[in-house]
Amino acid sequence: MSSSPRVKAADRDWGHDESGCTVLHVDMDAFYASLEVARHPGLRGRPVIIGTGPRSVVSAASYEARRYGVNSAMPTSRARRLCPQGVFLPVDMAYYRTVSRAVMEGILGVVTDAVEQVSVDEAYMDVSGALLRWRRPTAIGAWIRRTVAERLSITCSVGVASNKLIAKLASTMAKPDGMLLVPRDRRAEFIGMMPLRSVPGIGPALERRLNSWGVHRVSDLTAIDGDALLRATGSPATARTLALMARGDDDRPVVARRAAKSIGAERTFIRDTKDADAVLGLLRRCCDETASTLRRRGLAARTITVKLRFPDLHYSTRSLTLGSPTDAATTIFPHAAALLRAMLGAGDGPILPTALRLAGVSVSGLSEATSTAVQPSLDDLAGTRRDSEATPAERYGNRGDGGSSKRGDDGATEREGRGMRLRSAEKALDRVRSRYGGDSVRIGL
Ligand SMILES: [Mg+2]
């Protein structure tokens with residue numbers, strides 16, 4: 001959800017010369033809230049606020065809710081006071097990511113490969129390679145807006161400009177459900193109207209410093225000389241970037257998104273807890289969600305990391321790396337559970353020695369599932385796994401052999417066979433979830 005300030009006067013017709021305007025910024029309107037309305041049409045027109053729980057923050061708010069002053073990152077408790085009649089819904093990240101993928105790959109990716117996704121609901125596109133077919137960048141923007149609305153029953157806004165800086169500001173000004181073209185030769189005039197905070201790199205502290213020098217709008221920046229800007233920012237690089245941006249220039253290229261480095265899920269407990277069952281139950285859900293995301297993206301992971309947050313808000317993480325990549329919660333969860341107990345110095349008891357505020361799991365060391373042996377290799381089946389591939393039950397001593405290599409062990413084959421069956425069960429669950437929603441079923445591990 002964009003928190004950039006809006007300048008009403010900037011949302012107007014800036015002209016129709018599209019030459020050189022090959023950068024599009026596509027931004028879904030109130031994405032999470034719009035998605036909830038799309039699947040619960042009865043909510044249309046009502047203030048919808050995503051983020052429940054007494055200790056959570058607002059992740060998204062529909063435009064109806066924003067009229068009550070509700071904004072993203074605001075504590076949910078405050079949003080409830082501002083908008084008691086609001087419809088408060090929990091975050092369903094798995095669902096939002098699925099739709100995000102349908103937008104990014106199924107719609108934007110059809111136009112060009114040069115899509116730089118910057119968040120779940122926002123992307124830059126360099127459409128220069130697509131103009132032979134589409135002729136005009138605004139034709140692309142119009143098609144994207146129409147297709148998103150038709151297929152997904154949500155709206156998006158599009159900025160069309162000669163660079164990322166201007167395209168992003170243009171989409172913000174066009175919101176909601178609009179498109180704005182800023183011709184190349186109007187870019188300085190356009191950005192000149194903007195408040196300082198709309199320029200990336202100008203935070204509250206720098207804004208205050210610049211204000212104290214009489215600089216309030218971006219156009220004022222062009223009036224101060226390089227030395228003064230250097231003194232205000234304290235950094236030659238920042239001063240240079242600001243001087244460029246103040247004229248509406250930005251040479252950052254659109255970089256097609258690199259593959260994610262890690263995938264994970266985490267949750268905050270309703271209240272701090274030492275209850276081992278509650279913690280493991282939550283960790284299991286996180287593993288389930290993470291594995292499901294891996295499979296949806298056709299990825300497998302080798303490294304498993306558990307993250308814990310304590311009541312005093314400090315974090316702790318611990319990782320382990322498997323011998324071969326996996327995309328199965330049935331593999332990830334036992335390792336995560338063992339990591340958790342090891343981190344807390346906990347035995348098998350029902351009460352953990354330390355209370356937790358949050359727990360989560362992430363996986364990294366990602367590879368394409370198709371190019372890696374997700375299912376057990378022949379070596380595994382022959383029982384020649386290396387120590388690092390031992391199951392947690394072995395490694396953490398439940399079998400009493402401390403995870404030593406097992407050769408010709410029938411138990412290993414049996415376990416792998418069970419692993420393969422569980423994995424196909426998980427894939428079946430993916431299909432159910434894709435039809436009935438992310439929370440409809442989960443596997444009992
Ligand atoms: Mg958005």
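Starting from 1, each residue takes its place in the sequence as its number. For ligands, and for the atoms within them, numbers begin at 1 and follow the listed sequence.
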Is it true that Arg267 and Glu289 make a salt bridge, defined as a side-chain N closer than 4.0 Å to a carboxylate O? yes
Do any N/O/S atoms of Glu122 come under 2.8 Å of the Mg ion (ligand 1)? no
Has Ser119 got an N, O or S atom lying less than 2.8 Å from the Mg ion (ligand 1)? no
The Mg ion (ligand 1) has as its nearest N, O or S atom from Asp121 the atom OD2
Need the atom name: nearest N/O/S atom of Asp27 to the Mg ion (ligand 1). OD1
Taking the side chain as every heavy atom from C-beta outward, state whether Thr290 and Ser362 have any pair of such atoms under 4.5 Å apart. no
Using the salt bridge (charged side-chain N to carboxylate O under 4.0 Å, His left out) criterion, which residues pair with Asp185? Sequence neighbours excluded. none
For residues 127-134, please give each side-chain donor-acceptor pair under 3.5 Å, one per line with the distance, not counting sequence neighbours.
from: Ser128; atom 1: OG; to: Asp126; atom 2: OD1; distance (Å): 2.6

